[in-house]
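Keep in mind that what you see is a predicted model, and the values were worked out from it rather than measured. Below, chain A is the first sequence line, B the second, and so on; all start at residue 1. Atoms considered below: every heavy atom in the structure, side chains included; atoms not considered: hydrogens, waters and symmetry mates.
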Amino acid sequence: MNAKSDYTVDKEATDYYADRLLEWYRRNKRDLPWRRSKDPYRIWVSEIMLQQTRVDTVIPYYHRFMEKFPTVDALADAPEDDVLKAWEGLGYYSRARNLQSAVREVKEEYGGVVPDDPEQVSSLKGVGPYTAGAIMSIAYNLPEPAVDGNVMRVLSRFFLLVDDIAKPSTRVKIEKLARFLIPDGAAGDFNQGLMELGATVCTPKSPHCLTCPVMERCGARLEGRVEELPVKAKAKPPRLETRAAAIVADEAGRLLIRQRPAKGLLAGMWELPHVQLPDAPAPAVDAAAARGEAAGALAAGLAAADGIGIFPEAWLTDAEHIFSHIRWEMQVFRCRLAAGAALPPHYRWMAPEERERYAFPNLFVRIIDEFASSV
DNA sequence: GACTCGTGGAG
DNA sequence: TCTCCAAGAGT
């Protein structure tokens, strides 16, 4: 371990940074919904929603969520399906489940009051190092760092840090630096200032250095290396999965849907019945033959997995959906259900007016909408 | 440390 | 069209 394994900075630079950033933040901060309250619960909900999710995407969800679940008690007492439904389309659905689980723990163990102790908050489900620091500093103004992607980018540039910010160990190092930078009595504004600077000025591509409050001492700018920092390893491409899905409608216009398992991808969400196809490198067959094979595999797969008999009648559409780590290429077939078949417990018939009762991932929302507009 | 876990906007 | 990604956490 050499002396350079941890970042160091002198107090004079620290004071400069905090003073300039705080003044800039207090004059330029955006008027965001969750900044209008110091309620730890509201801060908490916003931080969970904002994980890996853009501000503009979160805002409408945040308003709806706070209207539906305005307090710790309201969320703790709500049916889990209602919470998942409120999260529909936002992605990373385990966040919703973990949030409600943690809120229930706050109700039971802390009398409904979000604790102001970093250790206790960190132990809550779905609350990691960043979110714990954000709640501590923003709601309680306690001097805990809140290091997200913005903060890593901003500090990497200013202090010329060349560690790969995609590595977890780098976040730990930057956390130590960020903790040291927090000015007395202004943790909340300072942490939000760092993030605000990263979101609006020190952006990933073509940052607006000329409006930056700390540009005159920014290492990356002084050395002309703004574009090459931060160092970040590129993610590997998602793996391909080919799938075939069944659209089954009855005479009343109801759709056959099923609920996904409680763990894993899209846990607990509703979907169209479908199967994964063998990923053999298709030997250049014509499209019609490939669809025929997929349709056959769909019928056989649903019979084997769920014990239901369906007969593909026509190809409806192809749909692609890209998750962070998987790419689904799905062929969708309009199918007929075998008469008199009993449905497994995780299957339902969904009437058109029941759409609001079930939470679907967006890829199935699109397919269902396309089917609805085709009939 | 590497993988899992969504989505849609921006360039 | 494609790439990167946006206020990360769990395993």
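- Protein atom CG of A:Asp148 is 10 Å distant from nucleotide atom P of C:dA9, rounded to whole Å.
- Between A:Ile59 atom CD1 and C:dA6 atom P there is a gap of 17 Å when expressed in whole angstrom units.
- A:Lys234 has its NZ atom 11 Å from the C1' atom of C:dT3, to the nearest Å.
- Residue A:Lys125 is in sugar-phosphate contact alone, with no base atom involved, counting any heavy-atom pair closer than 4.0 Å across all strands shown.
- A:Leu32 comes within 4.0 angstrom of a nucleotide base, judged by non-hydrogen atoms across all strands.
- Heavy atoms of A:Ser169 sit under 4.0 angstrom from primed sugar atoms or phosphate atoms, though from no base atom.
- Taking atom C1' on both nucleotides, B:dG6 is separated from C:dC5 by 13 Å, rounded to a whole Å.
- Nucleic acid contact class of A:Arg366 (heavy atoms, under 4.0 Å, all strands): sugar-phosphate only.
- Between A:Glu88 and A:Phe360 there is a side-chain heavy-atom pair separated by less than 4.5 Å.
- Computed from coordinates, the A:Leu50 CG to B:dG9 C1' distance equals 15 Å when rounded to whole Å.
- Using a 3.5 Å distance cut-off with no hydrogens or angles, the side chains of A:Tyr130 and A:Gln51 do not pair a donor with an acceptor.
- With rounding to whole Å, A:Arg153 atom CZ is found 9 Å from C:dC5 atom P.
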Look for any protein N or O under 3.5 Å of an N or O in nucleotides 3-6 of chain B and output each such pair with its distance, or none.
residue	atom	partner	partner atom	Å
B:dT4	OP1	A:Arg239	NH1	3.4
B:dC5	OP1	A:Leu265	N	3.1
B:dC5	OP2	A:His325	NE2	3.2
B:dG6	OP1	A:Tyr92	N	3.4
B:dG6	OP1	A:Tyr93	N	2.9
B:dG6	OP2	A:Leu266	N	2.4
B:dG6	O4'	A:Tyr92	N	3.1
B:dG6	N7	A:Tyr92	OH	3.3
B:dG6	N7	A:Ser324	OG	2.5
B:dG6	O6	A:Tyr92	OH	3.1
B:dG6	N1	A:Gln52	O	3.0
B:dG6	N2	A:Gln52	O	3.1
B:dG6	N2	A:Thr53	OG1	3.0

